[in-house]
Amino acid sequence: MPGRRTKDAGQEPDRITREATAHVARLARIALSPEELDRYAQQLAAVLEHAAQVAAAPTAGVPPTAHPFALVNVLRDDEPRPSLDPAVVLAEAPAAEDGRFKVPPILGEAP
């Protein structure tokens with residue numbers, strides 16, 4: 001990428017330049033003001049520095065993983081159990097018909 005050079009091995013790379021940020025913006029077809037170019041150059045440099053820190057982390061002997069924790073089903077077993085009596089529930093409803101809740105038609109549709 002223009003403006004991003006690496007110094008000798010073991011040294012930190014140069015900060016990303018405003019021109020490199022403008023190049024990335026052109027590739028993404030994003031028009032940026034001069035103030036945005038300056039701000040995004042700093043932000044992009046911070047992201048790249050963080051990525052470099054992650055890449056430098058000692059990972060020898062660490063197996064690849066998609067998630068840091070073992071994923072398990074946290075739902076309870078689906079077991080039948082007593083529920084409310086339908087007659088009691090329908091007695092509390094504002095309107096009921098044929099053993100079901102009666103609600104107004106949706107979008108003016110007739111039932």
Side-chain angles (χ1 to χ4, degrees):
M1 181 178 347
R4 180 114 174 124
R5 298 180 316 270
T6 307
K7 294 183 180 179
D8 295 333
Q11 294 184 352
E12 291 186 29
D14 294 338
R15 299 237 352 137
I16 189 161
T17 64
R18 189 173 192 267
E19 292 75 25
T21 304
H23 177 71
V24 171
R26 275 192 306 277
L27 291 174
R29 298 180 183 196
I30 299 172
L32 296 177
S33 70
E35 296 81 22
E36 290 173 322
L37 277 174
D38 293 333
R39 183 173 65 237
Y40 294 144
Q42 291 176 350
Q43 292 176 358
L44 187 54
V47 168
L48 293 174
E49 287 172 17
H50 181 71
Q53 289 174 354
V54 170
T59 57
V62 177
T65 182
H67 198 277
F69 303 108
L71 297 177
V72 295
N73 189 355
V74 295
L75 302 175
R76 64 175 168 76
D77 290 335
D78 190 13
E79 298 174 359
R81 60 183 188 183
S83 62
L84 297 173
D85 180 74
V88 172
V89 174
L90 290 173
E92 297 294 324
E97 185 176 284
D98 296 328
R100 295 177 284 188
F101 294 110
K102 183 175 180 180
V103 296
I106 298 173
L107 303 174
E109 296 175 7

What closest approach, in Å, do [X] and [Y] show between heavy atoms, and which atom pair accounts for it?
| X | Y | result |
| --- | --- | --- |
| Leu32 | Glu36 | CA-OE1, 3.3 Å |
| Ala41 | Arg18 | CB-CA, 4.3 Å |
| Ala20 | Ile16 | CB-CG1, 3.6 Å |

**Message:** Donor-acceptor check, side chain of Thr59 to backbone of Val62, threshold 3.5 angstrom: yes or no?
**Reply:**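 Absent.
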
**Prompt:** Does Asp77 reach the main-chain N or O of Glu79 with its side chain, forming a donor-acceptor pair under 3.5 Å?
**Reply:**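 Between the backbone of Glu79 and the side chain of Asp77 there is no qualifying donor-acceptor contact (under 3.5 Å).
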
Using 0.5 Å steps for rounding, measure from the [atom1] atom of [X] to the [atom2] atom of [Y].
| X | Y | atom1 | atom2 | answer |
| --- | --- | --- | --- | --- |
| Leu48 | Gln53 | CG | CD | 11.5 Å |
| Gln42 | Thr21 | CD | OG1 | 9.5 Å |
| Asp98 | Leu90 | CG | CG | 10.5 Å |

**Prompt:** Are Tyr40 and Leu37 in one and the same hydrophobic cluster, where Ile, Leu, Val, Met, Phe, Trp and Tyr link if side-chain heavy atoms are under 4.5 Å apart?
**Reply:**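 Looking at the clustering, Leu37 is in the same group as Tyr40.
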
**Prompt:** What do you reckon, is CZ of Arg39 surrounded by more than 12 foreign heavy atoms closer than 6.0 Å?
**Reply:** yes

**Item:** Side-chain heavy-atom pair Gln43, Val47 within 4.5 angstrom cut-off
**Value:** no

